[in-house]
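Since the structure comes first, as structure tokens, the remarks are kept for the end.
Small disclaimer: the values here were computed from a predicted structure and weren't measured.
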Amino acid sequence: RVVAEEAAADHRNAQIMEQNQKDFEILGHRTREGHIAKQVFSFATVEGASFCLNVIFYDLIISKTSLPYTLARPLAAFAVFSCFSYPLWKVIFGKPSCLNKFS
């Protein structure tokens, strides 16, 4: 049962990430010319660290509180996303400096 819940949660997280990717494109956060390899590497690094932080926070929440799995998993994912992943995505996929004058 837990495996099925984890698979469903992973699917929801993938959908959220896909929507966020579209949001970045809509908001004009395009790939800076000539920096695609750096952005891919930075994004992969952030996602790897996010995965590790999710595991750590989830384990802490489960071991230190009596929260059920159905609350602990999204709570850990939201904390990592809002405090770590999203702020770093804004740095990685930020507007090119030539567009700052329009902000």
Side-chain angles (χ1 to χ4, degrees):
R1 180 176 174 196
V2 171
V3 172
E5 289 175 354
E6 284 185 20
D10 288 341
H11 180 68
R12 282 190 303 274
N13 287 340
Q15 289 175 327
I16 290 168
M17 287 174 53
E18 182 179 349
Q19 183 59 45
N20 287 331
Q21 173 71 27
K22 290 177 184 175
D23 290 345
F24 269 103
E25 291 173 4
I26 291 169
L27 293 173
H29 294 277
R30 305 274 189 240
T31 301
R32 293 183 206 146
E33 196 164 322
H35 294 108
I36 187 73
K38 181 180 176 185
Q39 285 182 336
V40 168
F41 176 76
S42 298
F43 180 76
T45 302
V46 168
E47 287 305 299
S50 295
F51 176 77
C52 294
L53 288 172
N54 272 314
V55 169
I56 292 167
F57 284 168
Y58 172 72
D59 186 53
L60 285 173
I61 291 171
I62 290 295
S63 64
K64 303 292 184 193
T65 68
S66 60
L67 282 176
Y69 169 83
T70 54
L71 291 177
R73 174 79 184 227
L75 181 64
F78 177 74
V80 170
F81 177 77
S82 61
C83 296
F84 181 77
S85 298
Y86 186 70
L88 288 178
W89 286 1
K90 287 171 57 175
V91 171
I92 294 168
F93 299 111
K95 291 182 190 177
S97 58
C98 64
L99 295 179
N100 286 340
K101 61 184 173 188
F102 300 111
S103 298

The side chain to side chain contact (heavy atoms under 4.5 Å, CB included) partners of I62 (sequence neighbours excluded) come to Y58, A72
Please say yes or no: joined through hydrophobic side-chain contacts below 4.5 Å, possibly via intermediate residues, are Y86 and I92 part of one cluster? yes
For residues I56 and L88: do they belong to one hydrophobic cluster (side chain heavy atoms under 4.5 Å, members Ile, Leu, Val, Met, Phe, Trp, Tyr)?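 Yes, I56 and L88 fall within the same hydrophobic cluster.
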Output a table of donor-acceptor pairs, distance under 3.5 Å, between side-chain atoms of residues 76-85 and any protein atom two or more places apart or on a different chain; print 'none' if there are none.
from: S82; atom 1: OG; to: F78; atom 2: O; distance (Å): 2.8
from: S85; atom 1: OG; to: S50; atom 2: OG; distance (Å): 2.5

Taking transitive links into account, so neighbours of neighbours count too, which hydrophobic residues share a cluster with F51 at under 4.5 Å side-chain distance? V55
If you look only at pairs with a residue in residues 40-49, which of them pass as a side-chain hydrogen bond (donor to acceptor under 3.5 Å, both in side chains), with sequence neighbours excluded?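 Checked against side-chain hydrogen bond (donor to acceptor under 3.5 Å, both in side chains) - neighbours excluded - the pairs reaching residues 40-49 are E47-W89.
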Report the distance from atom CZ of R73 to atom CG of N54, rounding to the nearest 0.5 Å.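 Reported to 0.5 Å precision, the distance equals 7.0 Å.
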Drop me the distance from F57's CZ to L75's CG, to the nearest 0.5 angstrom.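 Between F57 CZ and L75 CG, I get 10.0 Å after rounding to 0.5 Å.
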